[in-house]
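Below, chains carry the letters A, B, ... as their sequence lines are ordered, and counting in each starts from 1.
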2 protein chains.
Amino acid sequence: MHPREGKRSLAQPSPKTSSHPAAGPGEPPPEGPALRVLSGGALRLGLLDRSLGFHLRLAQEASFAAFARRAGRSELRPGHFAALVVIEAHPGLSQTALGGAIGRDKSTLTPTLRELERRGLLRRERAAGDRRSYALMLTEAGREALATLTRSAAAHEEALDALVGDGDRAAFLATLRRLIAGLEGEAR
Amino acid sequence: MHPREGKRSLAQPSPKTSSHPAAGPGEPPPEGPALRVLSGGALRLGLLDRSLGFHLRLAQEASFAAFARRAGRSELRPGHFAALVVIEAHPGLSQTALGGAIGRDKSTLTPTLRELERRGLLRRERAAGDRRSYALMLTEAGREALATLTRSAAAHEEALDALVGDGDRAAFLATLRRLIAGLEGEAR
DNA sequence: TATTGTTATACTCTATAACTATA
DNA sequence: TATAGTTATAGAGTATAACAATA
């Protein structure tokens, strides 16, 4: 597929927003680069064969790829989708607040929001109390675009559920949440 | 921190190497952008709250971040680590083969390998039978650097194991593998 | 002074295309 | 002609810094 796919840019450890892990200078053995060696079955990697982190990485990439296949060719990229989701959930929020929610600097959102506005998917109104900020809200077209995207997402989720298995879904989700919470706690 | 951390670049659907999922034009709702809303606890996202794909994404990012914290400040980035791992496992392989294994174009590896060579971590010898290609192999320093990185990785794995729990580790890993295999199969 | 959003810049990662030297 | 590796170029995503308008 395309260039820039779901790679994970790993950078040095620096203080970033928060979520995106960037790889510090160290490096992410388990998550590291997208070693599809294991999955592809071409070459084998000793150490990584049993690594949870590595498999978590592969599973996430595979899931991401599968979603991308289903979503098809809309021109909405991930950043757009994220913005739509959060704005729908929190109509009226500011650009800075949105950035905080999805872990992006406000300057990063400027082109994204402008594009969504250009397409008529969102409206920006100067906030009543503070005329420096904009109150973001979806237009009807924006809600529709999000709904379409959401349907693709639902199909994707069904595929994941089928692979995980009904009996294991709850446990699997619980384990993921445990990892998320535990690792975030470790970070602080 | 630094700019560019571990972001995930999502691009449009174009023909890429292969593994990296890149987000097609559609978009990856679940995996999409790094919505740390859920985790951070700031805002809430309706639909994504129960999404396996989304949690997979968050868990992977958290794991990645945790690894980066442990790995510390070596100057080896993810791409470097990946190359070292694969070369150690397959001494003598060519640059093109390495690229295939980790899902990167050969042109992408040129600077990475040059850097590793410059640091004395790997040697490139013209292949005996085919003088167009190089046979890649780690130097003693390269093996040591990899060992250090591996130790960080091991500590990271222990942390993950602890969070997952002894009783669930096998099941969790099995589920991840099922997802990986199932989604890859779906791709073909 | 501090904050919101915009603009100008810069940087990483990755890719495609074209080029050189082999095959 | 086809392949290995290199170089040139491009593009996506993100960030920091500086600026204007507003608090």
Side-chain angles (χ1 to χ4, degrees), chain A residues 1-12 14-23 25 32-34 75 77-80 82-83 93-100 102-115 117 124-136, chain B residues 1-25 32-34 75 77-80 82-83 93-100 102-115 117 124-136:
Chain A
M1 314 157 156
H2 284 209
R4 188 173 11 84
E5 300 269 58
K7 236 51 193 244
R8 172 155 286 250
S9 27
L10 306 159
Q12 317 259 11
S14 33
K16 182 187 259 119
T17 320
S18 78
S19 55
H20 280 290
E75 284 180 20
R77 265 87 53 66
H80 298 155
L93 88 172
S94 70
Q95 297 188 183
T96 296
L98 172 58
I102 62 178
R104 295 288 176 277
D105 188 83
K106 52 189 164 63
S107 69
T108 300
L109 294 179
T110 297
T112 297
L113 298 175
R114 175 187 294 157
E115 170 68 6
E117 184 176 47
R124 300 197 289 177
E125 298 181 357
R126 281 299 179 182
D130 186 339
R131 284 185 306 183
R132 288 174 304 180
S133 68
Y134 283 115
L136 305 174
Chain B
M1 331 324 200
H2 287 204
R4 194 166 15 71
E5 298 271 56
K7 238 51 198 240
R8 171 157 286 252
S9 28
L10 306 161
Q12 317 261 7
S14 34
K16 180 188 262 117
T17 320
S18 78
S19 55
H20 281 291
E75 284 180 21
R77 263 90 49 68
H80 298 155
L93 89 173
S94 70
Q95 296 189 183
T96 296
L98 172 59
I102 62 178
R104 295 289 177 276
D105 187 83
K106 52 190 165 64
S107 69
T108 300
L109 294 179
T110 297
T112 297
L113 297 175
R114 175 187 295 157
E115 171 68 7
E117 184 176 45
R124 299 197 290 177
E125 297 181 0
R126 282 298 180 182
D130 186 341
R131 284 185 307 181
R132 289 174 302 181
S133 68
Y134 284 115
L136 306 174

Which protein N or O atoms sit under 3.5 Å from an N or O of nucleotides 20-23 of chain C?
from	atom 1	to	atom 2	distance (Å)
dA23(C)	OP1	Arg131(B)	N	2.3

Report summary line: Here the distance between atom C1' of dT4(C) and atom CZ of Arg124(A), to the nearest Å, is 11 Å
Requested in this report: For Thr108(A), answer base if it contacts any base atom (sugar-phosphate contacts may also be present), sugar-phosphate if it contacts only those atoms, and nothing otherwise; contact means non-hydrogen atoms under 4.0 Å.
Outcome: base
**Report entry** d(CD1, Ile102(A); C1', dA15(D)) in whole Å
**Finding:** 14 Å
Report summary line: Testing dT4(C), dA15(C), dT7(D) for proximity to the side chain of Arg114(B), the answer is dT7(D)
Requested in this report: Calculate the interatomic distance between Gln95(B) atom CD and dT3(D) atom P; express it in whole Å.
Outcome: 17 Å
Report task. May I ask you to test the Tyr134(A)-Arg126(A) pair for a side-chain heavy-atom distance under 4.5 Å? Result -> yes
Report task. Supply the atom-to-atom distance Thr110(B) OG1 to Arg104(B) CZ, rounded to the nearest 0.5 angstrom. Result -> 14.0 Å
Query raised in the report: CD of Gln95(A) to OG of Ser107(A): how many Å apart, nearest 0.5 Å?
Result: 11.0 Å
Report summary line: Heavy-atom nearest pair, Ala83(A) first then Leu113(A), reads CB-CD2, 4.4 Å
**Report entry** d(CD, Glu115(B); P, dT12(C)) in whole Å
**Finding:** 12 Å
Query raised in the report: How long is the line joining CG of Leu109(B) and P of dA4(D), in whole Å?
Result: 13 Å
Query raised in the report: Per the atom types in the model, does the base of dT16(C) pair as donor or acceptor with the side chain of Ser107(B) at under 3.5 Å?
Result: yes
**Report entry** Protein-nucleotide distance (Leu113(A), atom CG; dT4(C), atom P), rounded to Å
**Finding:** 15 Å
Report task. Using the closest heavy atom to pick a nucleotide of DNA chain C for each, name whichever of Lys106(B) or Pro111(B) lands nearer the 5' end. Result -> Pro111(B)
Requested in this report: Report yes or no: is there a donor-acceptor pair, N or O only, under 3.5 Å between the side chain of Thr110(B) and the base of dT7(D)?
Outcome: no
Query raised in the report: Should Arg104(B) be listed as having a side-chain N or O under 4.0 Å from OP1 or OP2 of dT16(C)?
Result: no
Report task. Please report, rounded to the nearest Å, how far the P atom of dA8(C) is from the CG atom of Asp105(A). Result -> 16 Å
Report task. With rounding to the nearest 0.5 Å, note down the distance linking OG1 in Thr112(A) to CD1 in Ile102(A). Result -> 7.5 Å
